[in-house]
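A short worksheet on the structure shown next.
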Amino acid sequence: MAKKKQYWLFKSDPDDFSWQDLLESPDQTACWDGVRNYQARNLIRDEMKEGDRVLFYHSQLKPPVVMGTAVIVKESYPDDTAWEEGNKHFDKRASEENPIWQMVDIQAEKEFNFPVSLPEMRETDALEGMMLLKRGSRLSVQPVDAKHFQWIVKRGNRKKA
DNA sequence: GCCAACGTTGGC
DNA sequence: GCCAACGTTGGC
């Protein structure tokens with residue numbers, strides 16, 4: 001059953017995992033491990049499909065920016081870092097039999113000519129209602145409307161002067 | 001570095 | 001099941 005393509009935004013603190021880290025990964029592909037929030041987990045487990053496109057967002061920067069786009073290349077499977085002793089995201093309740101947490105793999109698609117900044121997005125009427133722009137929105141993986149995704153991609157990929 | 005918003009924990 | 005305390009996220 002063909003499903004309509006969906007769009008997402010993945011946040012990452014670049015000190016933890018950056019766009020550059022993704023580009024330097026084998027096949028420019030990495031597993032998105034360490035998500036420890038149920039709402040995010042449910043999106044990963046139930047909603048994300050191979051071929052869905054992703055905005056790769058650097059949080060914590062001044063200003064924060066969307067760096068480029070990626071594609072989901074592997075649908076959800078257990079996040080084994082959850083039961084890896086000493087891992088930053090270790091969860092003592094998790095095990096191979098009861099993984100609790102899930103992850104997907106993403107592959108870099110295109111680096112923007114111009115990273116699109118948060119303040120720039122905030123002042124854009126066309127992005128009205130976008131989850132990222134809502135006050136107190138901390139969800140680290142979140143759905144993005146197609147029209148919002150397309151605006152950001154167009155903006156990021158515009159030709160350099 | 002500050003702090004608001006949010007999710008989780010744990011006592012009752 | 002409520003809710004206060006706490007820890008974390010993340011913009012500023």
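These figures come from a predicted structure and were not determined experimentally. In what follows, chains carry the letters A, B, and so on, assigned in the order in which the sequence lines appear, proteins first and then strands, with residues in each chain numbered from 1.
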Original post:
Who pairs with A/Glu120 by salt bridge (Lys or Arg N to Asp or Glu O under 4.0 Å), at least two apart in sequence or on another chain?
Top reply: A/Arg155
Subject >> side chain to side chain donor-acceptor pair (under 3.5 Å) involving A/Asp91 - partner list, sequence neighbours excluded >> reply: A/Arg93, A/Trp101
Original post:
Listed by chain and number, what are the side chain to side chain donor-acceptor pair (under 3.5 Å) partners of A/Trp8, not counting sequence neighbours?
Top reply: A/Asp52
Original post:
Just by protein heavy atoms under 4.0 Å, how would nucleotides 2-9 of chain C read 5' to 3' in B, S and -?
Top reply: -----BBB
Subject >> Results of salt bridge (Lys or Arg N to Asp or Glu O under 4.0 Å) for A/Asp80 - residues two or more places apart only >> reply: none
Original post:
Mind checking what makes ring-ring contact (aromatic ring centres under 6.0 Å, His included) contact with A/Phe10, not counting sequence neighbours?
Top reply: A/Trp32
**OP:** For the pair A/Arg36 and A/Asp79, find out whether any cationic side-chain nitrogen is under 4.0 Å from an anionic carboxylate oxygen.
**Re:** yes
Subject >> A/Glu109: partners by salt bridge (Lys or Arg N to Asp or Glu O under 4.0 Å), with sequence neighbours left out >> reply: A/Arg53
**OP:** Take A/Lys62 and A/Arg36, find for each the nucleotide of DNA chain B with the closest heavy atom, and name the residue whose nucleotide sits nearer the 5' end.
**Re:** A/Lys62
Original post:
Touch check for A/Pro63, heavy atoms < 4.0 angstrom, all strands: base, sugar-phosphate only, or nothing?
Top reply: nothing
Original post:
Is there a residue in residues 115-123 of chain A whose heavy atoms reach under 4.0 Å of DNA chain C, and which residues are they?
Top reply: A/Leu118, A/Arg122
**OP:** Check ring-ring contact (aromatic ring centres under 6.0 Å, His included) between A/Trp19 and all other residues, then give those that pass, not counting sequence neighbours.
**Re:** A/Phe56
